[in-house]
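Counting starts at 1 for both ligands and their atoms, following the listed order.
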Amino acid sequence: MGISNHIPFSSPFIIGREIDYIKLAIQNQHLSGNGNFTNKCHDFFSNKYGFKSCLLTSSCTDALEMTALLSKIGPETEVIIPSFTFVSTANAFMLRGARIKFVDSCTNSPNIDLDLVEDVITESTKVLVLVHYAGIACDMSKVEALKRKHNLLVIEDAAHAIDSYYNSQPLGSFGDLATFSFHETKNVICGEGGLLVINNPQLSDRAEILWEKGTNRAAFARNEVNKYSWIDLGSSFLPSELSAAFLFAQLENINLIQSRRIEIWRKYFDRLSPLAQSGYFKIPFLPRYSTVNGHIFYIVCNGEAEREQLRNYLQSHGICAVFHYIPLHSSPFFCSKHDGRELPNSDRFSRCLLRLPLFYEMHNNQIDKVCDRIYQFFH
Ligand SMILES: *Cc1c(COP(=O)(O)O)cnc(C)c1O
């Protein structure tokens with residue numbers, strides 16, 4: 001099988017002035033963090049999405065660790081997290097010593113089943129973490145009701161959800177805090193990178209201090225104080241200007257990226273709908289309140305054996321389709337800490353979900369080839 005015939009699952013790309021901007025950062029003699037390009041990225045996010053305050057980070061994992069620090073976790077603090085998510089969502093809070101309560105996915109969506117959240121809320125519950133899986137929004141009206149009733153801090157892990165909307169309000173603008181990822185597998189990339197969004201103004205001063213190693217160096221850089229010192233916990237969460245320069249070039253082209261990815265997503269949806277209607281598998285359920293942002297196109301097979309046969313069949317024809325998360329509640333690290341509740345939907349999405357190739361530079365004939373092979377497999 002020649003390289004040219006191979007269809008990868010995802011593929012990093014350059015779309016605009018990435019290299020020019022990296023050269024400019026070098027010419028400007030500012031390669032460390034919190035420079036011009038970092039500020040340009042912050043302004044971009046505030047202007048386009050109305051995020052109150054933004055801090056670029058070296059990864060979404062780092063941004064999540066900042067949310068855990070900002071949540072002031074104590075040894076008894078309980079945090080509610082979907083089981084069907086990436087390890088970083090949970091690690092951030094485990095690192096601070098929180099007790100994690102994992103909650104199941106919905107029946108028709110990998111998103112957290114918000115109707116199950118109240119069952120695990122106790123006096124010690126402080127934080128609810130959401131993941132908008134595949135960029136499809138959680139039901140934010142239910143989230144708001146839970147937040148109000150139980151006085152929760154809400155954190156959106158919006159790693160999949162850039163430029164996606166709940167009733168025309170951008171995801172990442174609902175939670176007290178939200179995080180995004182610019183890892184090379186996401187929609188908008190810079191290799192490794194992330195963003196912390198601070199929507200709750202009470203948390204923004206402290207966020208900036210944690211970001212700069214627990215010092216007030218950012219205030220110093222703005223000439224607000226005449227020396228900087230150690231005033232809180234912190235770490236080095238900020239990315240270098242080289243990453244920010246690359247990212248800003250991508251952000252300048254976000255509309256192009258999004259429209260092409262959404263087009264690919266829609267082509268999969270339209271071409272595979274007949275097979276879904278015949279019951280061979282399920283395609284994503286789209287609630288009326290959510291947009292599509294073309295991050296992941298997945299199908300849900302009727303069983304794990306069939307999912308694996310299909311995955312291997314596609315692989316043998318040069319198509320890389322991949323499964324996704326292994327449930328965290330039953331993972332080797334966590335299973336002895338779990339309270340024993342069954343989380344059947346999380347287990348089912350782990351066994352049966354298959355993600356199809358989707359990347360900015362994907363050609364229409366590659367989409368056709370993937371769909372043709374899926375038809376051949378089922379007929
Ligand atoms: C990708 C991802 C992360 C981690 O992002 P990094 O930038 O690689 O640290 C966290 N949560 C979810 C849901 C993700 O998909």
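Between Tyr228 and Glu212, the side chains place no donor N or O within less than 3.5 Å of an acceptor N or O (distance only, hydrogens not considered). No side-chain donor from either of Glu156 and Thr179 sits under 3.5 Å from a side-chain acceptor of the other. There is no side-chain donor-acceptor pair under 3.5 Å between Ser10 and Thr185. In this model, no donor atom of one side chain and acceptor atom of the other lie less than 3.5 Å apart for Glu361 and Ser11.
Distance alone, capped at 3.5 Å, is enough to place a donor-acceptor pair between the Thr215 side chain and the Arg217 backbone.
Taking 4.0 Å as the cut-off between side-chain N and carboxylate O, Asp368 and Lys267 do not count as a salt-bridged pair.
Sorted by chain and number, the residues within 4.0 Å of ligand 1 by heavy atom are Ser59, Cys60, Thr61, Thr85, Phe86, Thr89, Val131, Asp157, Ala159, His160, Ser181, His183, Lys186, Gly193, Tyr325.
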